[in-house]
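Written below as structure tokens is the structure these notes are about.
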Amino acid sequence: MDKKAVAQVLEQIASFLELKGENPFRVRAFRTAAKAVTALPGEVSAALAEGTLAETKGVGPATLQIVQEVVQTGRSSLLEELREQVPAGLVEMLQISGLGVAKIRQIHETLGIDTLPELEAAARDGRLARLPRFGAKTADNILKGIAFLRQASAFKLAHHALEEAEGLRAALAALPGVAQAVIAGEVRRRTEVVRDIVVVLVADVPPADIFRRIGELPGVQEFAGQDERRVTLKVSGGAQAQVVVTTPKNVGAVLVQATGSEEHLAELATHARTRGFALDGAALWQGSTFLPTADEAAFYAALGLAEIPPELREGRGEVAAAAAGPLPALLERSDLVGFLHCHTTASDGSNSVMELAEACRAAGYAWMGITDHSKAAAYAGGLSVDDLARQADEIDAVNARLGGFRILKGIEADILADGALDYDDTVLARLDFVIGSIHSRFNLDREAMTERVLRAMENPHLAILGHPTGRLLLSRDPYPLDMERVLARAAETGVAIEINADPHRLDLDWRLVRQARDQGVAISIGADAHNLAGLRNVDFGVGIARKGWLTRADVLNTRTVDGFLAHVARRRAR
DNA sequence: GCCGTTTTCGGCCCGACTGTTTTCAGTCG
């Protein structure tokens, strides 16, 4: 039983209680507990056994008992009891933006609606709009919300997809006859969201034997779209996955086929034709001769191409680039020596400066930058000027204790509606560096929003523009912003643009990362960690950097602490 | 339900926006 599943049970309990009209503070307590469980550094069962769970802030006796039951039995009697009392469709409705508990209860009580399809019908036929304090716009927004939910449910966030793919890969690798199991598709390309999980199996036995065994795996529910070498699985939880079987001599071609985007494969096919080759049925042919490709390097080499890293296989000119010569050496996680953008208990994080610093040092970083929220972000416990001074003392103390590791004093300052940063320049000047981010007033029009960001970039203390478009993947669109102008200004002023590595954001989008790099904009990778588990976000940020063709030289986190500070100083001097 | 450098009981984030109303409930970050 993993953390995600346990946290989900607690989340669900909170939602059911909320719909029942329970004390809102009790509801919030369960949500806090769910977050605390997600943020645990190790496994839940270990934390339970060692007693660290009981000591975790936000986890009390009631939560402890529920977690214990879930870990031991895989069920929660409280949740099952609640399911009998409240229709599950109402909980689904909570995900619709603009629909809260009060409206859902009103809809349920007056119209007797308790499923999404019923809700959609009522929104269309006008019943919803006639309810007190509802109207045409509310009904319309609900329809939009349902459509968004439906579209989003076809995709998974990268970290969830990776976890599912790893689990499936491990199960498939253990099947008799399978020599190797490799994750392909979007997960391997490290896209920001994933529609299909794809695993390639290398095997010397007939695919039919393997498919039969797959059908016997626990959790595999049904097969769909089966052909000789491919099968689409539905696994419990509704996730879909494609499994492709190949023989060792054709691994290269099959992996290329199963990994590349349609556009990449089209670029490859065109290139192959001009060289007298053909890509057909996931194999490489010269006339009617089958060309074996034992691995991808052999495949690309046969076509006269440098090997193309999976992250670049998007059909954006990588084939032409690989034909012209070696591709750039893309950023590696091990290139990063600085850890940027994290929150401590001073604002909305769950760990202290010391805990985060020790974790960063253990993860191999040489320096880090602490950036809690600023005072305008009241809902996130933003720091007052006095709080900032206190934190500075704390950081000094930890720096004195940790040899060979440096903590920088930073802030994630809100960019206010008029483009001002959330502290006076005298306060900002005392900090080692400043990230500026938008956390409110998302509804300005494109022109006003662009002016707001450009104005913030005028402030010499702003070193990094945080999560520049504000998107939340699968839940909130980016705010309207003229990124062309923002990138141009970033190049002029030396303001770095963040790749926010939180898998809910992955913002700046990788398509724009490449454009930023081409314009000479410095990039920083911001973990946006709110706890120790958030250190892992960086891997997703590195994936996005690679998709944006970034090399070591393009990224500020690869510099020594003095190199980073020199960049900030040059920016302040402009 | 959880927590305590104000508290073992009493409080827990608050201000702005949206869409509905003509003064405000509901939702969101």
Side-chain angles (χ1 to χ4, degrees), chain A residues 9-37 53-67 76 78-79 82 93-109 123 128-145 148 343 345-348 350 373-384 386-387 390 394 412 414-418 422 437-445 448-449 466-467 470-472 475-479 502 504-505 528 530:
Chain A
V9 169
L10 294 168
E11 270 295 341
Q12 292 258 303
I13 289 173
S15 295
F16 277 110
L17 289 174
E18 196 175 15
L19 285 163
K20 273 188 69 179
E22 264 285 349
N23 173 2
F25 297 110
R26 186 176 176 222
V27 172
R28 192 203 286 168
F30 277 110
R31 296 234 156 88
T32 310
K35 280 207 187 102
V37 167
L53 184 64
E55 286 163 20
T56 305
K57 204 172 161 226
V59 176
T63 311
L64 208 59
Q65 203 191 340
I66 292 167
V67 174
S76 158
L78 173 59
L79 182 57
L82 289 168
M93 289 178 203
L94 275 176
Q95 294 176 70
I96 296 171
S97 154
L99 265 191
V101 173
K103 283 208 165 87
I104 292 173
R105 291 178 68 187
Q106 189 185 354
I107 292 167
H108 179 57
E109 280 159 22
L128 224 45
R130 282 194 296 274
L131 292 180
R133 298 205 71 89
F134 279 62
K137 270 196 174 158
T138 307
D140 197 44
N141 282 338
I142 288 172
L143 281 178
K144 283 191 187 122
F148 191 91
H343 299 267
T345 45
S347 66
D348 60 349
S350 14
H373 285 287
S374 65
K375 60 183 180 351
Y379 60 88
L383 275 60
S384 67
D386 287 346
D387 294 335
R390 262 192 295 278
E394 185 184 358
E412 184 183 16
D414 267 35
I415 297 175
L416 306 178
D418 63 356
D422 192 22
S437 307
I438 288 178
H439 290 117
S440 59
R441 300 290 303 272
F442 299 107
N443 56 341
L444 301 188
D445 65 33
M449 194 60 105
H467 47 74
R471 75 176 180 190
L472 291 176
S475 77
R476 186 177 73 206
D477 286 332
Y479 35 71
D502 182 334
H504 297 89
R505 295 186 182 271
D528 207 350
H530 286 74

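To find a chain, count down the sequence lines: A is the first, B the second, and so on, and within it residues start at 1.
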Under 4.0 Å: is that the gap between some side-chain N or O of [X] and OP1 or OP2 of [N]?
X       : N       : value
T138(A) : dT20(B) : yes
N443(A) : dT18(B) : yes
R441(A) : dC17(B) : yes
R133(A) : dT20(B) : no
S440(A) : dA16(B) : no

### Message
Quick check for you: to the nearest 0.5 Å, what is the distance between R28(A) atom CZ and E18(A) atom CD?
### Response
11.0 Å
### Task
Could you tell me the separation between the CG atom of D387(A) and the CD atom of E394(A), rounded to the nearest 0.5 Å?
11.0 Å
### Task
Starting from the 5' end of DNA chain B, give me the residue, T63(A) or R476(A), whose nearest nucleotide shows up first.
T63(A)
### Closest-nucleotide ordering on DNA chain B, the 5'-leading residue of A380(A) and R26(A)
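Of the two residues, R26(A) wins.
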What interatomic distance, in whole Å, is found between [atom1] of [M] and the corresponding atom of [N]?
N       : M       : atom1 : result
dC17(B) : dT23(B) : P     : 22 Å
dT8(B)  : dG1(B)  : C1'   : 15 Å
dG11(B) : dG19(B) : P     : 36 Å
dC12(B) : dT6(B)  : C1'   : 14 Å
dT27(B) : dT20(B) : C1'   : 13 Å
dC14(B) : dT22(B) : C1'   : 25 Å
dT21(B) : dA25(B) : C1'   : 10 Å

Could you check which of [options] has an atom nearest any side-chain atom of [X]?
X      : options                 : value
R28(A) : dC3(B), dC2(B), dC13(B) : dC13(B)
F25(A) : dC2(B), dG26(B), dG1(B) : dG1(B)
P61(A) : dC2(B), dG4(B), dT27(B) : dC2(B)

For [X], answer base if it contacts any base atom (sugar-phosphate contacts may also be present), sugar-phosphate if it contacts only those atoms, and nothing otherwise; contact means non-hydrogen atoms under 4.0 Å.
X       : result
A139(A) : nothing
R105(A) : nothing
T32(A)  : nothing
V59(A)  : sugar-phosphate

[N] [atom2] sits how many Å from [X] [atom1], rounded?
X       : N       : atom1 : atom2 : value
N141(A) : dT20(B) : CG    : C1'   : 12 Å
K375(A) : dG15(B) : NZ    : P     : 14 Å
K137(A) : dA25(B) : NZ    : P     : 21 Å
L19(A)  : dT27(B) : CG    : P     : 11 Å
E11(A)  : dG1(B)  : CD    : C1'   : 15 Å
Q106(A) : dT20(B) : CD    : C1'   : 12 Å
L53(A)  : dC2(B)  : CG    : P     : 11 Å
I142(A) : dT27(B) : CD1   : C1'   : 12 Å

### Message
Assess, by modelled atom type and distance only, whether the side chains of T138(A) and N141(A) contain a donor and an acceptor separated by less than 3.5 Å.
### Response
no
### Task
Could you tell me which nucleotide pairs with dT8(B) by Watson-Crick or G-U wobble geometry, both distances under 3.5 Å, or answer none if nothing does?
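Here dT8(B) is not engaged in any pair, so there is no nucleotide opposite it.
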### Query
According to the interplanar angle, ranging from 0 to 90°, do the rings of H373(A) and H439(A) count as parallel (below 30°), tilted (30 to 60°) or perpendicular (above 60°)?
perpendicular
### Query
Donor-acceptor pair, Q106(A) side chain versus P132(A) backbone, under 3.5 Å?
yes
#### Entry: Expected output: side-chain R471(A) to main-chain Y479(A) donor-acceptor under 3.5 Å
no
### Query
Does atom CD of Q65(A) have more than 12 heavy-atom neighbours from other groups under 6.0 Å away?
no
